Number of protein chains: 2
Amino acid sequence: MATPTTPLLKDELDIVIPTIRNLDFLEMWRPFFQPYHLIIVQDGDPTKVIKVPEGFDYELYNRNDVNRILGPKASCISFKDSACRCFGYMVSKKKYIYTIDDDCFVAKDPSGKDINALEQHIKNLLSPSTPFFFNTLYDPYREGADFVRGYPFSLREGAPTAVSHGLWLNIPDYDAPTQLVKPRERNNRYVDAVLTIPKGTLFPMCGMNLAFDRELIGPAMYFGLMGDGQPIGRYDDMWAGWCTKVITDHLSLGIKTGLPYIWHSKASNPFVNLKKEYNGIFWQEELIPFFQSVTLSKEATTVQKCYLELAKQVRAKLGKVDGYFNKLADAMVTWIEAWDELNPPKGAITTTNGPALKSK
Amino acid sequence: MATPTTPLLKDELDIVIPTIRNLDFLEMWRPFFQPYHLIIVQDGDPTKVIKVPEGFDYELYNRNDVNRILGPKASCISFKDSACRCFGYMVSKKKYIYTIDDDCFVAKDPSGKDINALEQHIKNLLSPSTPFFFNTLYDPYREGADFVRGYPFSLREGAPTAVSHGLWLNIPDYDAPTQLVKPRERNNRYVDAVLTIPKGTLFPMCGMNLAFDRELIGPAMYFGLMGDGQPIGRYDDMWAGWCTKVITDHLSLGIKTGLPYIWHSKASNPFVNLKKEYNGIFWQEELIPFFQSVTLSKEATTVQKCYLELAKQVRAKLGKVDGYFNKLADAMVTWIEAWDELNPPKGAITTTNGPALKSK
């Protein structure tokens, strides 16, 4: 595999970072991230100036930029919530996205070596997934591994990998109740595995350390309506994950989880989190059966078509759980409209509202 | 957790070992196995004397014993194939079974410590599984782990664990074609994880290092018709695994895979293996879709009822693949009859054909 001095997919990948503060955390990532282009989505007060360390190639969008570029469709992008990051997915023109939180640092592997998280994500995305049958030695495409006895030969080509979900050492991604009950728990276990989430199985997708193939699955990576003016927070990545999983299953694409680890430095405030989460904790009990039973039609042959079908069913089935889901269904449709406007089918001629103001 | 000096489930677990040779391999396992009762199923020539190291508590059954105890129903137990091990599951009276091959030795963890495989299996079996939703930090019941954000609270009780599937360092469990292509491949990767195979997902269950709850799932652990007089070998554990997975899914039980590792010392001959496997390699392409789509009725509320329904469907759907599957369906029914004869419902009075001759 390539080393950091010959970066993989240099011109095909954007790193998307949502933030409200100066990006000092990038210093530690410099050896790994500097060759790539960054898309910074500034949340909160747009007049605040975010400092980015010298030498990084980036464009930065604040709320004024979002409003200007999307016009009335900006309503689908959350404000005062890291869910705003999905705006970065939309304005990217690259094939791959890696998104990371600004409180995530470089972790070390058991030998003490710095983990190049991005390189591992790229390896995950460039090798197939195995969603149709479980391989007990984990990722069969990894060096030193293969399909075990009893794995059907017709399934060994695998499926294209759409998503690579990385994990976290130190502070685990717990909900507020678990944070409250286990304030001292740290994740010290380095599990040296990458595996495919099987078809038909839902999982909690965390947006902290996540990569995906924008061309394969981008329009499903909508992080919903969270934060300012919304009755819920901290379910943005979960929502995206459930929608994405249902759609990748339908389109026979794969999602991997496991390596790489990042070092998650600081637990967020559990009291604040509980306030954001409590509606989600109730609603989730309805959402999971919904996503477990939802089916998409044979006509849904693109991610966009799948997503619009899903929006329709969200309105029909979840609208009665809470009026919020009608708003969310509207926003899902708006998101796809905005996506298609910024990402016209190849060959089509369109105009946009121009580039970001603060592009470097 | 308990240490080897205070063995867990001492009176509730039997270790089942199929063999054709002296059991010298037990010397290495002595610190971990000696407190437990062994059931040795001698394969091949019944006149051969199998030596068992001093100090082990065991009973030994050879083919003559199988024939005597089961009478005409002995036809369901394979001969000249390690599939014969399932006879040991049937004659056990314990709640738990651990089965291990006689070419498997004690592995070391990354710190260099001997792995007590049995202790880890017991931990796996005594803690719940999570078949309904994937937890990205693996087994949430393990020390230092929990359910991550987004895991529905109503699912955190988990499901009873029926099976614990352990893995192998050194020689991986590859099929003959992979053995031929990668003769030098060794598994050196210690993956420090236990995870639940999600509901609806099939996996290749290897019988080399396997534990299960006999009361929960025993009658599904039939290793089929292999070896002498049969057109197939090396699919015994796979068959048991697919049947077991379909039934555990139906009965809302869980199957875990991952830790513990054993050290698999020697690869079997790939040319011999290919001869045993080649029919399986073809048939498997029909078997997997069969097991992926099979459904059991609401009336199938016990493992036995599930298994008999499955046998019926094997005959109806796989009989046309090859006549072998009609024989196998018959044997599946015979197996359940024999199981129920040796394991009458609690409270019922029955007679058996007496104990094994070579009981110690």
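These figures come from a predicted structure and were not determined experimentally. The sequence lines fix the lettering, A, B, ..., with proteins before strands; numbering per chain opens at 1. We use all heavy atoms of the structure for the numbers below, so side chains are in, but hydrogens, waters and symmetry mates are not.
Residues A:Ile171 and A:Ser268 are not in side-chain contact: their nearest non-hydrogen atoms beyond the backbone lie 4.5 Å or more apart. Within the 4.5 Å cutoff, the side chain of B:Val163 has heavy atoms near those of the B:Met221 side chain.
When heavy atoms are compared at a cutoff of 4.5 Å, A:Glu277 approaches chain B solely by way of its side chain, counted from C-beta outward. Residue A:Asn273 does not touch chain B at all, counting heavy-atom pairs closer than 4.5 Å. Interface remark: A:Lys182 contributes side-chain atoms only to the contact with chain B (heavy atom separation under 4.5 Å). The parts of A:Leu202 that come within reach of chain B are both its backbone and its side chain, each placing non-hydrogen atoms under 4.5 angstrom from that chain.
Put simply, of A:Arg234, A:Gln292, A:Lys199, the one with the most heavy-atom pairs under 4.5 Å next to chain B is A:Arg234. Interface check for chain B: of the options A:Leu155, A:Val148, A:Asp173, A:Ile197, the most heavy-atom pairs under 4.5 Å are formed by A:Asp173.
For A:Lys275, the NZ atom counts as loosely surrounded, since its 6.0 Å shell holds 12 or fewer non-hydrogen atoms of other residues, nucleotides or ligands. Atom OH of B:Tyr190 has more than 12 neighbouring heavy atoms from other residues, nucleotides or ligands inside a 6.0 Å radius. The neighbour count for B:Phe282 CZ, taken as heavy atoms of other residues, nucleotides or ligands under 6.0 Å away, does not exceed 12.
Ring to ring, B:Trp283 and B:Tyr235 are not that close: their centroids are 6.0 angstrom or more apart.
Taking B:Lys298 as the reference, nothing meets the side-chain contact (heavy atoms from CB on, under 4.5 Å) condition, with sequence neighbours excluded. Evaluation of the side-chain contact (heavy atoms from CB on, under 4.5 Å) rule for B:Lys266 yields no partner, not counting sequence neighbours.
Contact annotation for residues 238-253 of chain B against chain A (heavy-atom separation below 4.5 Å, listed by residue number): B:Met238, B:Trp242. Inspection of non-hydrogen atoms places B:Phe132, B:Phe133, B:Phe134, B:Thr136, B:Leu137, B:Tyr138, B:Arg142, B:Glu143, B:Gly144 of residues 127-144 of chain B under 4.5 Å from chain A.
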